[in-house]
Amino acid sequence: GDAQVTTAQSKLGTASARFDGTGDWLEVPHHPDLNFGTGAFTVDFYARFSTFTGPMMLLSKEVHATDYYKFGVSYNSNADHLCLFLGTSPGGTCRSWDPLLNQWYHLAFVRSGANVYLFVDGVRLGDIGVDSEDADSTAPLRIGATPHGSQIFDGYLDELRISKGS
């Protein structure tokens, strides 16, 4: 793919990552710091959608033997759901959300104890979810698509931050 750094759009600073929805993604090799286990974490970033193409995986670490996401963040424009996937369960913690195209949103995904929270621009979406599944995986972190290169994101991401612990 041709994911790129662009100065055409940015939320903070002067540049962001651009994904055009046609085979673009970034991959970060596995590192133990990217294993959340059953502990607390926060993942947050700014996202700007250029088109809505159904399910779009923004971040993922997959268990290849089962095709479940040990860790995953997605938006599905067909269902208007923002989701956080953890462990080996087929479902995730999904909340209704209907974003606009070409607008920046701050997205945050938090686990504290067994409680899971999804935030958009600092506002919690829906009820508190419960998910204490083990989110460890030796798979690389894929940004902008699934590990299989599907559900490709079309838009911009800026200021990705991953924090382990409380």
Side-chain angles (χ1 to χ4, degrees), residues 1-37 39-62 69-77 80-86 92-112 116-126 129 135 137 139-166:
D2 59 350
Q4 55 190 294
V5 174
T6 179
T7 57
Q9 289 292 329
S10 65
K11 179 62 180 174
L12 301 174
T14 60
S16 65
R18 170 69 174 123
F19 304 86
D20 67 11
T22 59
D24 296 347
W25 58 78
L26 300 172
E27 193 167 282
V28 178
H30 169 70
H31 188 278
D33 287 347
L34 294 174
N35 280 342
F36 301 131
F41 66 83
T42 299
V43 174
D44 70 308
F45 54 90
Y46 289 93
R48 180 184 170 115
F49 298 88
S50 296
T51 61
F52 294 132
T53 58
M56 292 178 281
M57 189 60 69
L58 303 173
L59 304 170
S60 65
K61 283 180 70 91
E62 183 179 32
Y69 299 99
K70 287 294 258 182
F71 169 76
V73 170
S74 73
Y75 173 69
N76 185 339
S77 61
D80 288 331
H81 278 134
L82 186 64
C83 297
L84 172 66
F85 300 96
L86 296 170
T93 300
C94 298
R95 298 291 180 259
S96 294
W97 181 49
D98 189 15
L100 301 173
L101 290 176
N102 302 312
Q103 180 173 319
W104 284 103
Y105 295 96
H106 180 246
L107 306 180
F109 305 85
V110 178
R111 179 166 66 185
S112 178
V116 177
Y117 309 88
L118 283 65
F119 295 91
V120 175
D121 292 336
V123 176
R124 189 178 79 208
L125 297 180
S137 170
L141 175 65
R142 177 73 58 97
I143 303 169
T146 69
H148 304 293
S150 62
Q151 299 182 20
I152 299 170
F153 175 59
D154 183 7
Y156 300 85
L157 296 178
D158 201 2
E159 303 299 320
L160 170 63
R161 178 177 57 173
I162 300 173
S163 304
K164 277 176 61 171
S166 47

Min side-chain heavy-atom separation [X]-[Y] under 4.5 Å:
X	Y	answer
S16	T6	yes
S60	F85	no
V110	V116	no
W97	L118	no
F36	V43	yes
Y75	D80	yes
L160	L59	yes
L86	F71	yes

Margin query: I'd like to know whether R95 forms a side-chain contact (heavy atoms from CB on, under 4.5 Å) with R124, so could you lay out the CA-CA distance, the side-chain angles of the two residues, the decisive distance to 0.1 Å, and finally the verdict.
Written below: CA-CA 10 Å; R95 298 291 180 259; R124 189 178 79 208; over 6 Å; no
[atom2] on [Y] to [atom1] on [X], rounded to 0.5 Å:
X	Y	atom1	atom2	value
T51	L101	OG1	CG	7.0 Å
Y156	F49	OH	CZ	13.5 Å
S163	D44	OG	CG	7.0 Å
Q151	T53	CD	OG1	9.0 Å
K164	T42	NZ	OG1	13.0 Å
C94	L82	SG	CG	8.0 Å

Can you name the closest pair of heavy atoms from [X] and [Y] and give their distance?
X	Y	value
M57	S74	SD-CB, 3.9 Å
A40	S112	CB-CA, 4.3 Å
M56	I152	CG-O, 3.7 Å
W25	G144	CB-C, 4.2 Å
R142	A145	CG-O, 2.9 Å
F19	F153	CB-O, 3.3 Å

Next item on the list: Please step through side-chain contact (heavy atoms from CB on, under 4.5 Å) for the pair Q4 and D24, ending with a clear verdict.
Entry: CA-CA 9 Å; Q4 55 190 294; D24 296 347; over 6 Å; no
Can you tell me if [X] uses its side chain to pair, donor with acceptor, with the backbone of [Y] under 3.5 Å?
X	Y	answer
R48	N102	yes
H31	D33	yes
D121	Y105	no

Next item on the list: List the steps and the verdict of side-chain contact (heavy atoms from CB on, under 4.5 Å) for L157 and L26.
Entry: CA-CA 11 Å; L157 296 178; L26 300 172; over 6 Å; no
Notebook entry, point to check: When the ring planes of Y46 and H106 are compared, do they come out parallel, tilted or perpendicular, using 30° and 60° as the limits?
Noted result: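 Plane angle between 30° and 60°, so tilted.
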Check: What pairs of residues pass the salt bridge (charged side-chain N to carboxylate O under 4.0 Å, His left out) test when at least one of them lies in residues 5-21, not counting sequence neighbours?
Finding: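 Residue pairs with at least one partner in residues 5-21: R18-D154.
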Notebook entry, point to check: Just by distance, with hydrogens left out, do S10 and T14 show a side-chain donor and acceptor under 3.5 Å apart?
Noted result: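 No pair is found: no donor N or O on one side chain lies under 3.5 Å from an acceptor on the other.
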Next item on the list: Evaluate side-chain contact (heavy atoms from CB on, under 4.5 Å) for L107 paired with V120, printing each intermediate quantity in order.
Entry: CA-CA 5 Å; L107 306 180; V120 175; 3.7 Å; yes
